Amino acid sequence: MLKRITLKGEQKKVLFLPPTNPIQIKGVAGSGKTTVALYRAKHLLETQANLFKETKIVIFTYNKTLAAYIRAIKPYINGGYQKDSDEIKPKTPDGLNVQIVNFHSWAYHFAGIQYDQTIMQWTQVEVIENIINGLSSSTSNILDKSPEFFQEEISWMKGKLFKNKSEYLEAARKGRGTSDRVTKTDKEVIWVVYEKYNQELRNRGKVDFDDYAILALRKIESDPTFVPPYTHIIIDEAQDLNKAQILVISRLVDNETNSLSIIADAAQRIFKSGFVWSEVGINVRGGRTIEFKKNYRNSVHIARAALSLLDKEIDKSEFTNVETALKGGEKPKIAYYSDFDEQLSHLDDQLTVLRNSDNIQSTVVLHRSRNGVSQIKSFLDNNGFSTELVKSSQPVNYGSDSVKICTMSSIKGLEFNNVFILDLNDDIIPYPPGFIEEDDEFHISTERRLLYTCMTRARNKLFLFSSDKDNPSRYLKEIDSELLDDISPKSNSTASSNYDDDLPF
C-alpha cells in the first residue's frame with residue numbers, strides 16, 4: 001500500500017506549473033490528486049530554494065486522519081523529475097520534509113486557544129435549545145426548528161464571516177434544497193439566536209470550532225508586524241473548508257510567491273460549508289486549473305457502481321467527468337441482514353476468507369458512527385483479528401495485516417484494497433440528526449456524497465452491508481442493481497439492530 005510511484009502525463013505536468021500564484025487541481029476520486037500534491041511539494045523544495053530565502057512549505061488538510069496518512073506516505077515521495085525527459089534525477093533523498101497539519105489543529109495553536117476552552121457539539125445543542133426555549137416570535141415559525149438546525153446555521157454564518165445583521169439578511173442561503181426555505185423574517189429571529197449564542201459563549205469563556213478561523217484571522221489582521229510564514233501552501237480537500245478558513249490560509253503565504261496549490265473535488269464535499277473562489281479573492285480560472293478525470297484506484301465495477309449513486313445528485317455542475325482507467329475486477333458485494341449480529345457474523349466470514357488467502361492487508365471496515373466503530377472493533381478483537389482504529393490520536397501502521405476500523409467521515413483521502421461499509425440502514429445513513437425537515441435535500445445530498453466517497457476508497461473489493469433488511473438505506477436502492485453482486489443469506493432471523501444513535505465524527 002505504501003510505495004513510491006512514477007508520475008506521468010497530466011500528473012507530471014502539475015509539478016512544472018508556475019511556482020507563483022494559485023493553481024487548482026480538480027480531480028475525481030482515485031485520480032491521485034493528493035499524491036500529486038505531495039510530489040509538487042517535493043519538486044518545489046528541490047527547485048525553489050535559494051541562498052536568499054528558505055523554501056517553507058505546509059500541507060493543510062481538513063481532518064486529522066488524512067494528515068496522519070500523508071505523514072505515513074511522505075517517506076516514499078521522491079523528486080528529480082525533468083520537464084522534457086522521463087529521466088528522474090533526484091537532488092535530495094526520498095522523503096518530504098514539510099509541515100503537515102489539519103486546519104483546526106494549526107488554528108488552535110496559532111490563536112492561543114486554551115485547553116478545555118472549546119465548547120463541545122452536544123453542549124452547543126444544549127445552549128441553543130435553552131435560547132430558543134426562552135424566545136417567542138409571532139412573525140416566524142423558525143423557533144419550531146430543532147437545535148441542530150440553528151447549530152448548522154450558526155456554523156455557516158461564522159464560516160461566512162458576517163460582520164452584522166444586514167450582511168446576513170442580504171446573503172442567499174443556498175443548499176437547503178430546491179429553494180431557500182429560510183425567509184428574511186426567519187433570519188431576523190435566527191440573528192437573535194446567533195447573538196445570544198455568542199454572548200453565552202463569551203459568558204462561559206468558551207469558543208466553538210468555527211471560532212478557530214475567526215480568532216486566527218483576527219490575530220493576523222491586528223498584528224502590523226505579521227509576516228506570512230510560508231513560501232508555498234498545499235491545501236488538500238479544499239472543498240470541505242469554509243470561507244473563513246480559506247481566507248486564513250491565504251494570509252499565510254508569502255506575498256512574493258502567493259503560491260497556493262488547491263486540491264478539490266466537489267463530488268466529495270461531505271460538509272455543509274461551501275464558498276466560491278471569488279469570495280476569498282483567489283483566481284484559479286483558465287489555465288490555473290487542471291482537471292484529473294481518470295480514476296486509477298477503483299476497479300471499473302466499483303467505479304461504475306459508485307458513479308450510479310452519484311448520478312442521483314440534482315446539481316452536478318461542479319463535478320468533474322470520470323473516466324475509468326482500470327479493467328477487470330469484481331462487482332461490489334451487497335448484502336441485507338436481519339440484525340447487527342448476523343451482519344457481524346458474515347463480516348467475520350469474509351475477513352477469514354481474505355486472511356486465509358493472504359489478501360487481508362489493506363482492509364478497512366467503516367461505520368457511520370463512533371459507537372458503531374467501537375462495537376465492530378470489540379467483535380473483531382474477540383474473534384482473533386488484529387485491528388487498528390484509524391483516528392487522529394493514534395499512529396496507524398498502514399503496511400500491516402491488521403484490519404483498520406474507521407468512521408465514514410474520517411476515511412476521506414485514504415484508500416484500501418478491501419472496504420466494508422456496515423449498517424447501511426435508513427435510520428443510520430442519512431444521519432438522522434442532520435435533517436432540518438423530512439425532505440431536507442441538502443442533507444440527503446451531503447450524506448449521498450459521503451457514501452460515494454467511502455465507496456471510492458476501495459481498490460479491489462467493496463462490500464455494502466445493511467443490518468436491517470426491512471429498512472435499508474435509501475442509497476442502496478439508488479445504486480444500479482445490475483452493477484452489484486447480492487450475497488445476502490437466503491434466510492434471515494428476525495431481530496433488532498444494535499445501533500445506538502451517537503455523533504458520527
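The model shown is predicted, which means the values in this text are computed figures rather than measured ones.
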| request: Would you check if the side chain of Glu148 reaches a backbone N or O of Phe435 as a donor-acceptor pair within less than 3.5 Å? | output: no

| query | Hey, mind stepping through Ser466 and Asn425 against side chain to side chain donor-acceptor pair (under 3.5 Å) and telling me if it holds? | reply | CA-CA 6 Å; Ser466 169; Asn425 309 331; 2.7 Å; yes

| Residue from Ile57, Val58, Ile59 passing side-chain contact (heavy atoms from CB on, under 4.5 Å) with Ile233 | Val58

| note | Of all heavy-atom pairs linking Gln11 and Gly32, the shortest is NE2-CA, 4.2 Å

| said: Asp480: which residues meet the salt bridge (charged side-chain N to carboxylate O under 4.0 Å, His left out) condition with it, sequence neighbours left out? | reply: none

| remark: d(Leu38 CG, Lys74 NZ) to nearest 0.5 Å is 10.0 Å

| said: Run the ring-ring contact (aromatic ring centres under 6.0 Å, His included) test against Tyr296 and tell me which residues pass, sequence neighbours left out. | reply: none

| said: I'd like to check the side-chain contact (heavy atoms from CB on, under 4.5 Å) partners of Asp265; sequence neighbours left out, ordered by chain and number. | reply: Lys33, Ala267, Gln268

| task | Could you pull out all residues at least two apart from Phe463 that satisfy ring-ring contact (aromatic ring centres under 6.0 Å, His included)? | result | Phe420

| request: For Lys294, enumerate each residue passing the salt bridge (charged side-chain N to carboxylate O under 4.0 Å, His left out) test, keeping only those at least two apart in sequence or located in another chain. | output: none

| field | Residues Thr183 and Asp186: side-chain donor-acceptor under 3.5 angstrom | value | yes

| request: Spell out, as yes or no, whether a donor-acceptor pair under 3.5 Å connects the side chain of Tyr39 to the backbone of Ile5. | output: yes

| field | Distance-only donor-acceptor check, side chains Glu126 and Gln124, under 3.5 Å | value | no

| said: I'd like to know if Lys158 and Asp208 make a salt bridge, using a cut-off of under 4.0 Å between side-chain N and carboxylate O. | reply: yes

| Could you go step by step and tell me if Ser467 and Asp423 meet the side chain to side chain donor-acceptor pair (under 3.5 Å) rule? | CA-CA 5 Å; Ser467 62; Asp423 266 359; 2.4 Å; yes

| Out of curiosity, Arg370 CZ to Thr407 OG1, how far, rounded to the nearest 0.5 Å? | 8.5 Å

| request: Kindly assign one of parallel, tilted or perpendicular to the pair Phe60 and Trp106, based on the angle between their ring planes and the thresholds 30° and 60°. | output: perpendicular

| field | Sequence-distant partners of Lys404, salt bridge (charged side-chain N to carboxylate O under 4.0 Å, His left out), two or more places apart | value | Glu388

| message | Under 3.5 Å, is there a donor on one side chain and an acceptor on the other for Ser445 and Glu313? | response | yes

| said: Check whether Thr446 reaches the backbone of Phe442 with its side chain - one donor and one acceptor, N or O, closer than 3.5 Å. | reply: yes

| message | Donor-acceptor pair, distance only, cut-off 3.5 Å: does the side chain of Thr65 make one with the backbone of Ser410? | response | yes

| request: To the nearest 0.5 Å, tell me how far Ile23 CD1 sits from Ile234 CD1. | output: 7.0 Å

| field | OG1 on Thr352 to CG on Leu347, rounded to 0.5 Å | value | 9.0 Å

| Sub-3.5 Å donor-acceptor pair from the side chain of Asp339 to the main-chain atoms of Glu342, do we have one? | yes

| query | With Phe379, which residues qualify under side-chain contact (heavy atoms from CB on, under 4.5 Å), at least two apart? | reply | Leu344, Asp348, Asn383

| task | Name all residues meeting the ring-ring contact (aromatic ring centres under 6.0 Å, His included) criterion together with Tyr212; count only those two or more places apart in sequence or in a different chain, and write none if there are none. | result | His104, Phe209

| Between the side chain of Gln151 and the main-chain N/O of Ile128, is any donor-acceptor distance below 3.5 Å? | no

| Just by modelled atom types, is the Asn242 backbone N or O under 3.5 Å from a matching donor or acceptor in the Gln245 side chain? | yes

| Is the backbone N or O of Pro22 less than 3.5 Å from a side-chain atom of Arg288, with the two atoms forming a donor-acceptor pair by type? | yes

| task | Answer yes if the side chains of Asp486 and Ser488 hold a donor-acceptor pair under 3.5 Å, and no otherwise. | result | yes

| task | Would you check if the side chain of Arg457 reaches a backbone N or O of Phe416 as a donor-acceptor pair within less than 3.5 Å? | result | no

| side-chain contact (heavy atoms from CB on, under 4.5 Å) against Asp485, all qualifying residues, sequence neighbours excluded | Lys331, Lys333, Ile487

| Rounded to the nearest 0.5 Å, how far apart are NZ of Lys160 and OH of Tyr168? | 12.5 Å

| For Glu167, which residues count as a side-chain contact (heavy atoms from CB on, under 4.5 Å) partner, sequence neighbours excluded? | Phe162, Lys163, Asn164

| note | Minimal heavy-atom distance between Lys412 and Asn63, with the atoms involved, is CB-ND2, 3.8 Å

| request: Applying ring-ring contact (aromatic ring centres under 6.0 Å, His included), name anything that partners Phe465, two or more places apart in sequence or on another chain. | output: Tyr337

| remark: Rounded to the nearest 0.5 angstrom, the CD-CG distance for Gln361 and Leu354 is 12.0 Å

| request: Answer yes or no: is there a side-chain heavy-atom contact under 4.5 Å between Met408 and Leu451? | output: yes

| query | Under the side chain to side chain donor-acceptor pair (under 3.5 Å) rule, what pairs show up with a residue in residues 297-309, not counting sequence neighbours? | reply | Asn295-Asn298, Arg297-Glu415

| note | side-chain contact (heavy atoms from CB on, under 4.5 Å) with Arg448: of His443, Arg474, Glu478, only one passes, and it is Glu478

| message | Is there a side-chain contact between Leu217 and Leu161 in this structure, where contact means two heavy atoms from C-beta onward sitting under 4.5 Å apart? | response | yes

| query | Do Asn418 side-chain atoms and Asn359 backbone N/O form a donor-acceptor pair below 3.5 Å? | reply | yes

